[in-house]
Amino acid sequence: MLEPALLHCTPRPSIPMATKILQTSGGMMEQRSEMQMSSSSSTTVTMSSTKLRKVSQTSKIVEEQSVQRKISAVVESFSQVQKSFEIPPGESVPDFEEKPRPITAQEGDKASFKVKVSGNPKPTVTWKRESGRPMTEGVQTFFDSINKQHVLKIKALTMEDADVYKCIVSNDHGDAIYSMSLIVTENPAMDFKKMLKKRSVPAVKKEEKRPITEEEMLKILAGADKKDYERICAEHGFTDFRGILKKLKEMKKKVDVEMVKVLKPLEDVTEKAGANVVLDTILELKDPNMKMMWFKGTELLRIQYSLGKYELKQMGTKYMLHISNVSLQDSGTYTLQVGDKTLSAKLTVIDEPMKFLTELKPMRVTERQTAVFEVRLSKKSDLPLVWKFKGKEVKRDEKFDVTVSEDGLTYTLKIKDVRPSDTGDYTMSIGDLTATAPLFIERIPIKFVSHLKNVRVKEKGKARLECEMSSKDVHIRWLKDGRDITNNPRYTFMREGKRAEIIIDDCDLADSGEYAIVCTQDSDANEYVSSSNLTVDERFATVKSGMSDVQCPTGSASELCVVLNDEKVDGVWLKDGKEVTDMSGIQVMKQGAVHKLIFSKVGEEHEGKYTFRAKGAESEAVLSIADPPTIDATMLEVLASHPVTVKAGQTATIKIPFKGKPLPKVTWYKDGIEMTEDERTTVEREVDSTTLVLSKCVREDSGAVMLRLKSDCGTAIANLHLNVVDHPKPPQGKVEFLERTGKCITMKWKAPRDNGGKQVTSFVIERRVAGKKSWIKVGEVDSSTTSFSNDKVEEGKAYQYRIRAVNSQGTSEPLETEEVYAGEPIEPPGTASQPQIADVTKDAVTVTWAPPAQDGGAPVLGYIIERRKKGSSMWVPVNKELVQDTKFTVDGLVEDVEYEFRVTSVNRAGPGAPSTASNSVLAKDPIRAPGLVKDLHVTDSSNSSISLGWSPPEQGDEPSGYILEVRPDDAKEWTKCTKIPITGTSYTVGGLQERMKYFFRIRAVNEGGVGEPIELDQGVLAMPPPAAPKFDLQGKLKNQMVLRAGMALCIHVTFTGSPPPVVTWLKDGIPTKGREAITKGNKHSQFLISSCQRSDSGVYRVHLRNDYGEVHYDVNVHVVDFPRPPRNLQLVEEVPGTVTLHWQHTPDLADDENTHYIILKRDTSTATWFTAADRVFSNKYTVTGLLPGRKYYFRVIARNNIGDSDPLDSKELFSIAKEKEHVSLNMKEYKAKERSVKPEFILPLKDHAVRRGYDCTMSCAFLGNPLPQVSWYKGDVKISESPRFWQTTANGVCTLTIPVCSAKDSGDYTLVLENALGKAQCKCNLVIFDKDDKSLLESLTDARKGKHIM
């Protein structure tokens, strides 16, 4: 059922509407509706347009069980709601790019609505039904990512799916809603199916129809045709037909009261020329098809004939007139007439000066392409536009194309087939406007049609390299090995069109290399290169006749000659590896294949090794000079007449030039003996001279020197004399004193033996006072006098003299005399006593001393008093004149400085030794003794010490220290605690007797004296402060100890406590006694058992207790030892061919989980024991693999981590009986009655745990007759016939052996026995472990001890 303006929607009071229905020729109806929605809080403008095409009208049917609505009108509407007043750039209101279309389909068909939406932010899509009913079960909504479409799909249509569907697209800026109808028509086939269904379903009692109300009837008739009014009223059972028509007319009159309502009038607009202008108004029209007319002034605007100048648009109730590209002619008043309303607005166009809207941009194009310059103006102009290139106007021709757009605003210049000559600045000018932009070209790359090719020629031949380029307008350069050779006259260059060529005549080896041609072109920075290699092969020759070595005298002529086998091959002469070029006296000659080197006069410069070298040929020879050695005669005369003189200590260098070839042997002689090189002697040999160098010459080097030169050509000799001069030797002998008195001392000596090669000129005499170091010259005599008298002496003094000989080279070493006295000897006085200090003030002290005990043989003339600052080494005299008294007051001292003093006695012999320094004294006024010490108190105490503290006295001068005294309780005398005063205000008195009471007193002391003592109020006990006992563990003491038997068990604990606690040791709660040694102290205790046993295992507790508390600490000790042997070994043959061993467990099995057994066997024929089984944890084991007829011993050993126990051996032999031999007896054959037995296991399989790499043998015993078939399985796989496993079945015992077990052998093994009477099976588990896999081994032994065989 349709209602005016909206399908199945009740009109809201806030949405006024108007509807006009037009009758069409086909009975179709068109309906247009506009809606406006307003709110008091915000304004929302909604624009929509709806088209209704009426097909048929059906009535509303209300049934008993369901409500069915049939839609027969095609509906299609769109509305858009904007929420935001301002939308940011780049974002937008949602909209439909592809809109859905209404669908009409039969029941059972498929239907799909598809939409494509846009908007930023990305909008969400929601589907709804106009009726508000939920979607049916067949409806599916999804997004098609391939086609970018949102789809609503209905698989099988029913009449209930008929409705108007809404697609709502929303984001932050608004909503877009598109409505479309889905009409479902009845399908006759479907009706037939419904009838069939109705037959099978019991009839449902229908409810009575509710009579339709008058209001509903008015709504139905308002949307229907007049000719159908009567039929519709009859269908709905409405009988008051006249009354309903009257009310329908009154309702329509109320709606048509105001046909046009202006909500927003037209407004004046001012805009710039060339812009687009919109004149808009908001109207509420009762008839949406009401005619509207726009006028400019009084002229009606013909919109459809304006060629796009004017355009009418409508968005909901908003009506707009668009005027594009306005100009001054568009100014004026625009009027809208609609109904009885007339709206006007004034348009004012402002004309602005013309300008460029787009800039003329630089252009870069590829060569031979088309370049396009484009510029757009702000408005049309009648002025001509001119394009220029390089100052010349560009006109339209084959090269240039000038165009203008239809709107007259865009001007374009096209340059066709761009070449390098077309590059440059292009200028566009119109009126006063000018714009310029450059044109750049990208050249077409040069390509080589044919590249340079590699060429190989022989030496002296001709080479030609050529190539062809793709263009002839190129610049080329030629390179050889990267160097430019374009202008090198050595090469010939050819250029013709696109081809280029280089020619090399008379090639030599130097012409080999890489040749390249480099091509460039204008407006192209790239270089295009083609390269190839030229190879020049050498021409070779051989030597027919070579050279030989030559010797000749200096100045003679000579030649070297070589003959080759090829006249065209040139060669080169080398001397000592260097080419012979312009050496004087040498001529190079070539006569065909003969090559000569001619010497006119052979000299030293010509000597050497000569080589002739040609291509493939080479010859060598040595040219040398043979001259006898000679020395210049003038040199020989000079050497013979003038000896070589040199000073001692200097170096004598004798250089003698000579001539001779070859170089002669050089030998030097001195006094006829050949001289050899050593540290001082060096012989230098050169080509034309020899030099003898004697360094650090001595007088003994003087003598005759001879040089001998010898070679195969002769001998030469040179003689000379070497004279080494030196200062003379010292005078000879002991000095003889002729006179020794208090006034004169006379002495005599002998001249030196060697005068040093120069005449002695004089003797110098020096003396010094005995005990002094400095010598003083007292006289000098000529060389003829060897005596001297010294009369300037002091009686009693001892002197020492020395005498030196003098020549032109210097002074000799001295001849020293012994000490000699002038008359009788006098000594300086002895040492005065240590000075004593008295009467000390801040600037003066009084020094006193005692005279020396000995005066040295002369009376003491006086005393010298000296002082120094303490710590200094410099003594300063304090008196200018000798002090006659033994007391002296020293003044001028500096306050608060410590001084020391000494005294030196003086007599006629001089000052004696200074006295010892006095005690240091501080220059200051006398100091007052300190007062009583304050606050003497005890700070700490221990068993052997007491710490005291105090404060300095408040009266008297500052103390320099403190005297602390102590007195035991049982003594009456006070004793000093330190030998020197204590400098601080605290002290610890040590070495005290424990728990003894002591009394203390103290007094301060300084240089002014000792203060009065102050005594501690009461005695102090030598003991620490009371404290409960406490262990000092520090992580050293462990609470678990595992020891090996025989090792020492030592538990050491340290603790604190005052008084010292009583220490008690307990084992398992009982005080220890016996083998232990317990050491106890005040702070430690030790429990020691030097050699522990297994019985020493247990929990040890150390208990501390004193008057203030008690504490204990437990240590769990476990002593491990070799296991004790098992007992009572028994052998039982439970299964034929095997033996089962039984024994009693070792007592240590329960205490040590690692204890197990080793089973060994030994044949009586050997002394070696073999291991039958390892890691057995049970007390029973069956040994297999015994040989019949053999006798065996068995042994069981217990083993743990410490080692093995003593063995438990079997006392009796065990043997396997042999099969009895058959003896033929003539007896009546007896046939035993055969007994059939079903297979069963006597001894089943047992689980095994085997170490990786070891063999595993598992066996069991069974019964069965007839003999059952044996099958072994690993898991579900049969392994009976696998070569990996070994199996045997004999005498009712089945055995499976797995050699060298690996991890893959782990698992379950099954033995199946089967005969005609039945089947039996037995299983076991095999575990393979590694050597270090102790965790697995422990878990196995714990969980299944006695069940695994290892």
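Values below: every heavy atom of this structure, side chains too, minus hydrogens, waters and symmetry copies.
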For [X], check ring-ring contact (aromatic ring centres under 6.0 Å, His included) against everything at least two apart and list the hits.
X	value
Tyr1192	none
Trp1065	Phe1087
Trp1272	none
Tyr962	Trp950

Grab the two heavy atoms, one from [X] and one from [Y], that are nearest each other, plus how far apart they are.
X	Y	value
Val933	Ala1004	CG2-N, 3.7 Å
Pro1126	Val1196	CG-CG1, 3.8 Å
Asn1200	Ile1202	OD1-N, 2.9 Å

Using the salt bridge (charged side-chain N to carboxylate O under 4.0 Å, His left out) rule, collect all pairs that involve [range], keeping only residues at least two apart or in two chains.
range	result
residues 1157-1167	Asp1163-Arg1190
residues 931-947	none
residues 984-1001	Glu965-Arg1001
residues 1093-1118	Arg1075-Asp1096, Arg1094-Asp1148, Arg1101-Asp1114

Check: residues 966-988 side-chain donor-acceptor pairs under 3.5 Å, at least two apart:
residue: Arg967; atom: NH1; partner: Ala971; partner atom: O; Å: 2.9
residue: Thr978; atom: OG1; partner: Ile980; partner atom: O; Å: 2.6
residue: Thr988; atom: OG1; partner: Ser947; partner atom: OG; Å: 2.8

Taking the side chain from Ser1097 and the backbone from Val1119, do they hold a donor-acceptor pair closer than 3.5 Å? yes

Do Asn1006 side-chain atoms and Gly1008 backbone N/O form a donor-acceptor pair below 3.5 Å? yes

Audit row: Phe1194, Leu1131, side-chain contact (heavy atoms from CB on, under 4.5 Å) steps and yes/no: CA-CA 9 Å; Phe1194 294 93; Leu1131 307 179; 3.8 Å; yes

Test side-chain hydrogen bond (donor to acceptor under 3.5 Å, both in side chains) applied to Asn919 - qualifying residues, sequence neighbours left out: none

Sequence neighbours excluded, the answer for side-chain contact (heavy atoms from CB on, under 4.5 Å) partners of Pro1244 is Cys1322

Partners meeting side-chain contact (heavy atoms from CB on, under 4.5 Å) with Glu958 (sequence neighbours left out): none

Lys1323, NZ: over 12 other non-hydrogen atoms inside 6.0 angstrom: no

